[in-house]
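Just so you know, these numbers come straight off a predicted model, no measurement behind them. Each ligand, and each atom within it, is numbered from 1 in the order the structure gives.
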Amino acid sequence: MQIIRTISEIRAVLDEQRAAGNSVGFVPTMGYLHDGHVSLIRASVEANARTVVSVFVNPLQFAEGEDLEDYPRDLDADVAYCRGAGADFVFAPSVEEMYPSPVDTVVSCPGVAAPLEGEHRPSHFAGVATVVAKLFSIVGPCRAYFGAKDWQQVAVVTRMAADLSMPVEVVPCPIVRESDGLAMSSRNVYLTAEERAQAPLLRRALDAGLSAVADGERDPAAVEAAMSEVLAGASLGTVDYAAAVPAHSLVADGSLAGEVRLLVAVKFSKARLIDNDGCVAD
Ligand code: PAF
């Protein structure tokens with residue numbers, strides 16, 4: 001496995017791979033990898049001749065006062081995870097390599113990025129879309145693997161790739177959970193022991209919402225109330241939202257019908273947790 005630091009070198013090696021007839025799978029990450037990332041790398045390794053993992057903590061997607069400085073980093077451990085999961089290349093550029101001068105071009109998806117996370121982190125998705133567009137441009141034609149924990153991020157990136165005719169197939173992959181139901185996330189390390197004990201309530205809230213829909217509830221407000229009731233048990237956190245929405249527009253429009261997504265976000269002292277699950281209301 002090769003570790004590559006520059007845009008010109010990763011471009012050259014991936015172009016060479018494609019010229020030799022090898023398909024490329026791409027797993028973009030901000031590092032501090034866990035088993036959720038490993039599942040993305042494995043999915044890519046299975047479907048593509050070569051897999052590249054990027055490790056880059058992207059300053060553009062952190063707002064003032066968020067955890068950019070503190071974001072956990074451990075490149076040696078990340079490299080070991082990538083090697084173990086069968087990746088061929090790790091692309092780990094510096095901030096100066098990615099942003100040699102202040103960025104003037106920003107990619108935004110004002111529709112799909114607006115609700116939910118967009119209301120709580122208004123500049124976040126423009127930062128994500130911009131760096132992912134840049135990474136897609138650097139990596140070139142590929143399949144790109146994203147975890148469904150960040151459901152709205154998947155929606156933004158899928159929409160961006162389609163709208164801008166990028167030669168990338170976005171592949172969403174299932175959420176990987178701890179044994180008590182907590183969705184894996186690099187930011188889980190921020191939880192105190194007491195908060196960690198309450199964190200599985202997000203999964204339980206989603207289960208309550210899924211049961212309500214399975215029992216025939218079609219009023220989004222009633223499904224949201226069922227989830228909020230469970231989240232009220234997370235006394236150390238503040239609920240940002242508990243939403244039941246159409247899976248692709250993410251904006252409620254009357255009764256629930258077709259593919260539905262349930263999404264929750266809870267802010268603990270330092271960690272802000274998000275989770276989601278889906279069902280069909282027919
Ligand atoms: O999901 C993440 O880790 C990041 O948002 C991503 C897609 C790597 C862009 O920085």
Mutual orientation of the aromatic rings belonging to Y241 and H120 [parallel < 30°, tilted 30-60°, perpendicular > 60°]: tilted
Indicate, as side chain, backbone, both or neither, the part of V157 found under 4.0 angstrom from ligand 1 when only non-hydrogen atoms are considered. neither
Any nitrogen or oxygen of N58 lying under 3.5 Å from a nitrogen or oxygen in ligand 1? Just yes or no. no
Could you check whether D207 pairs with R204 (Lys NZ or Arg NE/NH1/NH2 to Asp/Glu carboxylate O, under 4.0 Å)? no
So which heavy atom in the protein is nearest atom 1 (O) of ligand 1, and how far is it from that ligand atom? Q153 NE2, 2.8 Å
For ligand 1, which atoms sit closer than 4.0 Å to a heavy atom of V131? 9 (C), 10 (O)
Parallel, tilted or perpendicular: rings of Y99 and F56 (30°, 60°): tilted
Check the side chains of N48 and Y145 for a donor-acceptor pair under 3.5 angstrom, ignoring hydrogens and angles. yes
Do Y190 and D67 have side-chain atoms, one donor and one acceptor, less than 3.5 Å apart? yes
Heavy atom to atom 9 (C) of ligand 1, shortest distance: which of H37, Q61, K149, M30 holds it? Q61
Contact atoms of ligand 1, heavy-atom distance to T29 under 4.0 Å: 8 (C)
